[in-house]
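This report concerns only the one structure given below.
No experiment lies behind these values; they were computed from the predicted model shown. These numbers come from the heavy atoms of this one structure, side chains and all, not from hydrogens, waters or symmetry mates. Counting convention: from 1, in listed order, for ligands and their atoms alike.
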Amino acid sequence: MESIDDTQNNLQPTVQTPGIRNNHDSAVPSRLERLLRERELRKSSRSQANEGIRDGYRDSDVFGNVTELCLSDGDKRTQEGLVIEGLAAAVLSNGFERQDGRSQKQRLLVVANRLPVSAVRKGEDSWTLEVSVGGLVSALLGVNEFEARWIGWAGVDVTDEIGQRSLTDALAEKMCIPVFLDQEIVHSYYNGYCNNILWPLFHYLPLPQEDRLATTRSFQSQLAAYKEANQMFADVVNEHYQEGDIVWCHDYHLMFLPKCLKEHNSEMKVGWFLHTPFPSSEIHRTLPSRSELLRAVLAADLVGFHTYDYARHFVSACTRILGLEGTPEGVEDQGKLTRVAAFPIGIDSDRFVRALELPAVKCLIEELQERFAGRKVMLGVDRLDMIKGIPQKILAFEKFLEENPDWHDKVVLLQIAVPTRTDVPEYQKLTCQVHEIVGRINGRFGTLTAVPIHHLDRSLDFPALCALYAVTDVALVTSLRDGMNLVSYEFVACQESKKGVLILSEFAGAAQSLGAGAILVNPWNITELASSIGYALTMSAHEREKRHQHNFLHVTTHTSQEWAETFVSELNDTVVEAQLRTRHIPPQFPSEEAIDRYLQSNNRLLILGFNATLTEPVDAQGRRIDQLKEMELKLHPDLKEPLRKLCSDPKTTIVVLSGSGRNVLDENFGEYRMWLAAEHGMFLRQTEGNWMTTMPENLSMDWVDSVKHVFEYFTERTPRSHFELRETSLVWNYKYTDVEFGKLQSKDLLQHLRTGPISNASLEVVPGSRSVEVRAVGVTKGAAIDRILGEIVHNNVLKTPIDYVLCIGHFQAKDEDIYKFFEPEPNHGQAPTTRTKAASHLNRTTPNHSAGKSSGHRTASYKVGQQASTLEKKAVSKDNKNFWSMLRDRMTVHEGSSVLDLKADNYFSCAVGRSCSEARYLLGSSADVVSLLKDLAYK
Ligand SMILES: O=P(O)(O)OC[C@H]1O[C@H](O[C@H]2O[C@H](CO)[C@@H](O)[C@H](O)[C@H]2O)[C@H](O)[C@@H](O)[C@@H]1O
Ligand SMILES: O=c1ccn([C@@H]2O[C@H](COP(=O)(O)OP(=O)(O)O)[C@@H](O)[C@H]2O)c(=O)[nH]1
């Protein structure tokens with residue numbers, strides 16, 4: 001349908017849900033079938049691998065936990081070093097032949113701001129590497145199914161060549177590749193744009209008022225640094241990329257990376273995963289660079305989040321801010337689908353479970369038990385970040401002590417607060433604030449021998465952390481927002497013997513997976529938090545056991561390994577799916593060929609749509625749409641001259657065939673010598689003549705008032721929607737309404753039209769991308785074309801038959817029948833003509849190959865001068881596919897006076913701004929139509 005809303009930035013979801021649609025082809029397994037099969041394969045390969053470990057035929061390096069094995073071997077190296085070797089060992093299994101016969105591991109380039117190690121310089125060319133702390137590092141260290149390389153920043157500024165070279169070598173041993181960022185970039189990109197703008201915003205924390213002005217001033221330079229840093233990451237990826245690699249970009253630091261990578265190599269398989277929440281679109285839209293960031297991420301093939309909520313917010317930001325189409329699969333832009341889905345992260349639970357058996361850890365557990373004998377242990381482990389809700393946690397603990405004097409010397413809160421982003425002023429303020437509260441509470445409730453809160457401004461190593469988790473009675477996670485929160489998972493993994501209680505913020509992603517076993521709290525509600533502490537401390541053993549088992553099962557089955565495998569498998573599949581989709585997308589319009597054939601033809605017919613074909617394109621790049629301007633359809637100014645030139649060519653007949661009313665066409669085309677077909681061809685005129693109606697005589701319009709009544713009702717109830725009453729149809733348009741509300745209302749409207757009191761009327765309901773049109777049954781552009789042809793023939797003295805047809809428009813739904821009108825009938829013994837077949841057939845008959853081919857050649861002739869009046873009286877056929885034969889049957893063929901003599905190769909049908917169509921070819925937008933018509937006019 002070429003109704004007023006159908007501009008190119010608001011495309012209909014033309015490709016249906018993959019998986020449900022079964023990939024267009026029953027022989028091809030659906031997306032879900034493929035993913036399930038892949039999962040089965042992974043499972044069986046893993047169980048074989050585990051058997052391998054039990055049988056002792058594999059080196060522990062590849063599948064076992066390196067940390068644990070080395071420690072038990074009495075190795076004296078630091079635990080951090082060993083964890084890194086865990087990654088390296090996992091990674092070093094290059095070329096390992098899987099037992100299921102599948103080939104080697106796929107190469108995975110993990111790109112994250114931070115490498116899993118931070119480097120400390122010891123001399124000119126010597127370095128020590130320490131494990132970086134944070135959930136992202138912990139999770140990815142558990143992944144060993146792939147041949148992974150990690151690309152990222154080593155956390156130091158290295159300006160000299162010797163330093164850079166030696167650090168590169170040191171990191172290479174750990175399968176890490178550095179990106180060298182200088183201090184200035186780190187300051188603006190990492191401390192500035194990442195941690196002072198994106199991080200708070202993604203966690204729903206507005207910047208404090210006094211910083212806001214300064215932030216706004218430096219915003220542009222920070223954004224520039226952010227883009228520059230992302231390009232630096234991309235350069236390193238490009239340098240190391242090998243064909244077939246998977247590139248997995250991580251987190252809010254690298255939102256521009258997918259775009260940079262795809263611009264360099266569109267074949268690269270690129271995934272992007274966000275470890276933080278993605279906020280409601282209402283929050284995201286406050287960001288000045290909101291559109292740019294979204295578009296850059298959408299360049300990825302697959303975009304992943306921890307929870308469905310975050311994924312939903314992202315899709316909604318893309319639909320509301322960019323005006324793109326959100327589907328159950330992701331986000332569609334001009335036929336390109338970016339898949340968006342939830343992939344909840346996990347931990348390497350085995351590593352924690354087995355760590356508890358290590359002598360070193362057992363020893364620590366005993367020490368801690370002795371130290372806190374007679375007291376219940378409560379634990380908090382967080383980076384010292386404002387999102388973690390540390391002040392709220394401590395204040396709630398204070399309230400609990402206040403209200404429960406009996407517990408004063410029977411409970412202790414151990415708070416590990418790992419310093420993080422210490423250069424950012426907000427973090428410095430938080431440190432002071434927390435110290436102050438802890439000091440006050442310890443002063444208030446402490447005794448000479450004991451204090452209620454042990455607060456540590458430092459990180460712990462892995463054995464200490466495991467021991468601490470194991471002796472804890474109640475873990476407190478009070479994040480105000482948290483992507484996932486792996487601490488809660490790690491605590492559960494270490495609690496098989498104690499079965500302690502987890503108090504968990506409902507604002508952590510983990511609440512969605514551990515919600516059944518944990519006590520969920522709103523950390524802003526200090527009273528509720530304090531009473532939850534009391535409830536947890538006194539919980540019965542039976543309840544603790546039940547809750548723990550539930551969580552333990554989840555943590556041990558949803559591991560980091562599973563997470564990474566699922567993501568990578570979906571990424572691989574997304575690329576397969578994209579290939580399947582593109583098989584069914586018509587190719588780009590072959591301009592050169594079309595122009596050549598145009599020039600060689602003697603009598604050409606150009607059928608052009610109007611809206612979104614000959615109109616000025618709407619700027620969709622994040623600028624606010626000007627509804628009033630856009631609703632007033634105007635011919636593209638660049639088309640005026642070429643159109644005039646084409647119209648003056650005696651060998652060319654132009655028809656503008658539009659859904660718009662006569663007045664709109666008059667205003668825009670009155671000055672040209674062409675044919676105008678308004679309201680889908682119901683009205684027709686040569687611009688030098690008068691409008692005539694081609695409406696079938698028996699066309700009933702009795703339904704108009706009832707439909708108008710319904711449209712008025714919906715227009716009143718849907719802000720910024722409007723309807724247009726044409727002479728033969730009505731269009732309700734909701735393009736400018738709230739996306740979701742508009743969709744809901746249109747559903748309601750359609751239901752009413754189809755099943756309500758007017759459902760029996762002889763009318764056709766045509767849903768567009770953001771519109772609903774109602775017209776009489778059988779009125780389509782395809783149905784109109786034979787009436788139009790009849791009139792043209794009737795009016796023109798045809799010296800030669802029409803031997804070239806170009807039909808081009810943003811036609812939708814039923815109006816696509818127009819593209820089929822001139823398609824040749826299938827030859828006997830051949831499969832019926834399909835879009836792809838037609839396309840490939842056409843490709844076959846390009847000048848190089850077409851010699852002697854005339855399979856698509858059809859000649860039909862009108863008995864000139866007779867058929868027009870007959871035709872206009874005939875009822876419109878509903879059987880669109882038989883127009884050609886109808887046409888032929890109705891027309892007397894007589895030698896020498898054929899009206900149409902059209903070889904298949906001289907027929908060009910083209911859909912504008914559509915991703916999928918019945919047309920043979922596609923053009924992106926009206927801008928492409930402009931250059932095509934210019935070429936036709938001036939070549
Ligand atoms: O590298 P830093 O700036 O020091 O910060 C450490 C990491 O913090 C964030 O972690 C997030 O990822 C976790 C795992 O997915 C998730 O559980 C947690 O909720 C998130 O906050 C950050 O996203 C990472 O990039 C940082 O490396
Ligand atoms: O002293 C510490 C404290 C924390 N962590 C690790 O830091 C990660 C924190 O991840 P989480 O997802 O809870 O939050 P993030 O810090 O990533 O926001 C967990 O894996 C902890 O084991 C650590 O290694 N040493």
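In this structure, Arg351 is positioned above the aromatic face of Phe462, its NZ or CZ under 6.0 Å from the six-membered ring centre and within 45° of the axis.
Ligand 1 has no N or O atom lying under 3.5 Å from any N or O atom of Ile387, backbone or side chain. For a threshold of 3.5 Å applied to N or O pairs, the pair formed by Phe352 and ligand 2 contains no separation below that value. Between Val381 and ligand 2, no N or O atom pair is found at a separation short of 3.5 Å. Checked by distance only, ligand 2 and Arg383 come closer than 3.5 Å through their nitrogen or oxygen atoms. Polar contact with ligand 1: absent for Ile345 (N/O pair, distance under 3.5 Å). Ligand 1 has no N or O atom lying under 3.5 Å from any N or O atom of Asn113, backbone or side chain. Polar contact with ligand 2: absent for Trp199 (N/O pair, distance under 3.5 Å).
The environment of Lys499 atom NZ is dense: over 12 non-hydrogen atoms of other residues, nucleotides or ligands sit within 6.0 angstrom.
In Leu465, the part holding a heavy atom less than 4.0 Å from any atom of ligand 2 is the side chain. Using a 4.0 Å cut-off between heavy atoms, Val418 contacts ligand 2 through its side chain alone, with no backbone atom that close. Residue contacts with ligand 2 for Glu490 involve side-chain atoms from C-beta outward but no N, CA, C or O (heavy atoms, distance under 4.0 Å). Contacts between Lys388 and ligand 2 below 4.0 angstrom, taking non-hydrogen atoms only, involve the side chain exclusively.
Selection from Arg421, His275, Arg481, His203 by nearest heavy atom to atom 26 (C) of ligand 1 gives Arg421. The option with the heavy atom closest to atom 9 (C) of ligand 1, from among His253, Arg114, Arg383, is Arg383.
Using a 4.0 Å cut-off to heavy atoms of Val487, the atoms of ligand 2 that qualify are 13 (O). Atoms of ligand 1 lying under 4.0 Å from any heavy atom of Thr276, numbered from 1 in the order shown and given with element: 23 (O). Atom numbering of ligand 1 starts at 1 in the shown order; those under 4.0 Å from a heavy atom of Asp482 are 18 (C), 19 (O), 21 (O). Numbered from 1 in the order shown, with element, the atoms of ligand 1 that lie under 4.0 Å from a heavy atom of Trp199 read 9 (C), 21 (O), 22 (C), 23 (O). Atoms of ligand 2 found under 4.0 Å from any heavy atom of Ser459 (numbered from 1 in listed order, with element): 1 (O), 2 (C).
Aromatic pair His275/His306: ring centres closer than 6.0 Å. Between Phe314 and Phe305, the ring centre distance stays below 6.0 Å. For His253 and Tyr226, the ring centers sit 6.0 Å or farther from each other. Between His558 and Phe343, the ring center distance fails the sub-6.0 Å criterion. Between Phe552 and His554, the ring center distance fails the sub-6.0 Å criterion.
Proximity of a side-chain donor or acceptor of Thr559 to a complementary backbone N or O of Glu562 within less than 3.5 Å is detected.
By the salt bridge (Lys or Arg N to Asp or Glu O under 4.0 Å) test, Arg371 is found to be paired with no residue, residues two or more places apart in sequence or in another chain being considered. Considering only residues two or more places apart in sequence or on other chains, Asp309 meets the salt bridge (Lys or Arg N to Asp or Glu O under 4.0 Å) condition with Arg312.
Salt bridge annotation for Lys393-Asp382: present, with a cationic side-chain nitrogen under 4.0 angstrom from a carboxylate oxygen.
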